[in-house]
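Have a look at the structure below, then the notes.
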There are 2 protein chains.
Amino acid sequence: MLPGMNEPTFLILTALAGEPMHGYAVIEDVEHMTDGRVRLRAGTLYAALDRLRGEGLIEVDREEVVQSRLRRYYRLTGAGEQSLEAETARLRAQATLAEGRLRARRTNFGGATA
Amino acid sequence: MLPGMNEPTFLILTALAGEPMHGYAVIEDVEHMTDGRVRLRAGTLYAALDRLRGEGLIEVDREEVVQSRLRRYYRLTGAGEQSLEAETARLRAQATLAEGRLRARRTNFGGATA
DNA sequence: TGGTATATGCCGACCGTCGGTATATGCTGC
DNA sequence: GCAGCATATACCGACGGTCGGCATATACCA
């Protein structure tokens, strides 16, 4: 059905659209982007990263070792960029649609519903 | 985490934001709204309807019998309207965010990624 | 010595959706 | 007359993505 992607997945791709980033940095970036509303679980993040890599939407950029801790950086692929663009257009279209109906609703029966 | 709602759920609420509608009509409306991309399964629809009713976002408007077939009409509640408004704002915000990053990306390294 | 931040990863559970089936009735075409 | 499709609601098992928690390891601070 060409399913739309879920919010966490979308936010992960958006984070990586900025610049290559390692997993933990993605968690922080997503938290900042959403004003603290979405705090990705480690399980969600690394599972999504593996999945998106399998789908060819992201790929490993490089690996670094900082203070004897591994940092694996990911970046968007061309396919990932296209996918994110398409998804963004979808979100816009649906927002516009809902706004139109909500507006019409208010002008018709301005606040009479339960 | 104040989870964002899924696409099918959002589209069901959007359909009902227009006017009270019975289940099967929602399926058709969603299909038209998405240009045939999203074709809700009966299982998805009626399960979501029950769930949304339990959450107080929609309620039964009336029941009709047409050609000895039952039609149960649903409508948005005030809470449902607020919820849909909030969700719409969220979609817009996220679309804007992703677009900003995609634009910056293009001006910086115009199409050099894999 | 304990707690927090960094960083990756695995695990079971949950929930919303998928896909199919059941149950009826009415309409259309062969 | 009967098959097939549209209408309309409802239940079911399966699946996939996320959740929440835990494990592991190092560095820093109180």
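Just so we're on the same page: letters track the sequence lines, and every chain starts at 1.
Both B:Arg71 and B:Thr44 lie close to DNA chain D; mapped to their nearest nucleotides by heavy-atom distance, the more 5′-ward contact belongs to B:Arg71. Comparing B:Asp50 and B:His22 by the nucleotide of DNA chain D that holds the closest heavy atom to each, the one mapping nearer the 5' end is B:His22.
OP1 or OP2 of C:dT17 sits under 4.0 Å from a side-chain N or O of B:Arg51. The side chain of B:Tyr46 contributes no N or O atom lying less than 4.0 Å from OP1 or OP2 of D:dA10. Residue B:Thr9 places no side-chain N or O under 4.0 Å from the OP1 or OP2 atom of C:dG16.
For the pair B:Met5 and B:Leu13, the minimum side-chain heavy-atom distance is below 4.5 Å.
Using a 4.0 Å heavy-atom criterion, one finds that A:Ala25 contacts no nucleic acid atom at all. The residue B:Gly43 sits close to a base: some heavy atom pair falls under 4.0 Å. Contact annotation for A:Glu28: backbone-only contact, meaning every heavy-atom pair under 4.0 Å involves sugar-phosphate atoms and none involves a base.
A:Arg72 places its CZ atom 15 Å from the C1' atom of D:dA25, with the value rounded to the nearest Å. Following rounding to the nearest Å, A:Glu7 (CD) and C:dC15 (C1') show an atom-to-atom distance of 16 Å. Protein atom CG of B:Leu40 is 14 Å distant from nucleotide atom P of C:dG16, rounded to whole Å. One atom, OH of B:Tyr73, and another, P of D:dT7, lie 13 Å apart when rounded to the nearest Å. Residue A:Ile12 contributes atom CD1, which lies 13 Å from atom P of C:dT8 at whole-angstrom precision. Straight-line distance from the CG atom of A:Leu45 to the P atom of C:dA7: 12 Å, rounded to whole Å. Between B:Arg41 atom CZ and D:dA10 atom P the separation is 18 Å, expressed in whole Å.
Across D:dT18, C:dT8, C:dT17, the shortest atom-to-atom separation from the side chain of B:Ala47 is found for C:dT17. Closest to the side chain of B:Tyr24, from the set D:dT7, C:dT8, D:dA10, is D:dT7.
A search for side chain to side chain contact (heavy atoms under 4.5 Å, CB included) contacts involving A:Leu45 returns A:Ile12, A:Val26, A:Ile27, A:Leu40, A:Leu49, not counting sequence neighbours. Listed by chain and number, the residues in a side chain to side chain contact (heavy atoms under 4.5 Å, CB included) with A:Asp29 are A:Ala15, A:Met21, A:Met33, B:Arg101 (sequence neighbours excluded). For A:Arg69, the side chain to side chain contact (heavy atoms under 4.5 Å, CB included) test picks out A:Gln67, with sequence neighbours left out. By the salt bridge (charged side-chain N to carboxylate O under 4.0 Å, His left out) test, A:Arg72 pairs with A:Glu63, sequence neighbours left out. Every residue meeting the side chain to side chain contact (heavy atoms under 4.5 Å, CB included) condition with A:Glu85, not counting sequence neighbours, appears here in chain and number order: A:Glu81, B:Leu102, B:Arg106.
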Working for side-chain hydrogen bond (donor to acceptor under 3.5 Å, both in side chains), residues A:Arg39 and A:Thr34: CA-CA 9 Å; A:Arg39 204 167 292 195; A:Thr34 61; over 6 Å; no
Between protein and nucleotides 26-30 of chain D, what N or O pairs are separated by less than 3.5 Å?
unit_1: D:dT26; atom_1: O3'; unit_2: A:Ser68; atom_2: OG; d: 3.0
unit_1: D:dT26; atom_1: O2; unit_2: A:Arg69; atom_2: NE; d: 3.2
unit_1: D:dT26; atom_1: O2; unit_2: A:Arg69; atom_2: NH2; d: 3.0
unit_1: D:dA27; atom_1: O4'; unit_2: A:Arg69; atom_2: NH2; d: 3.4

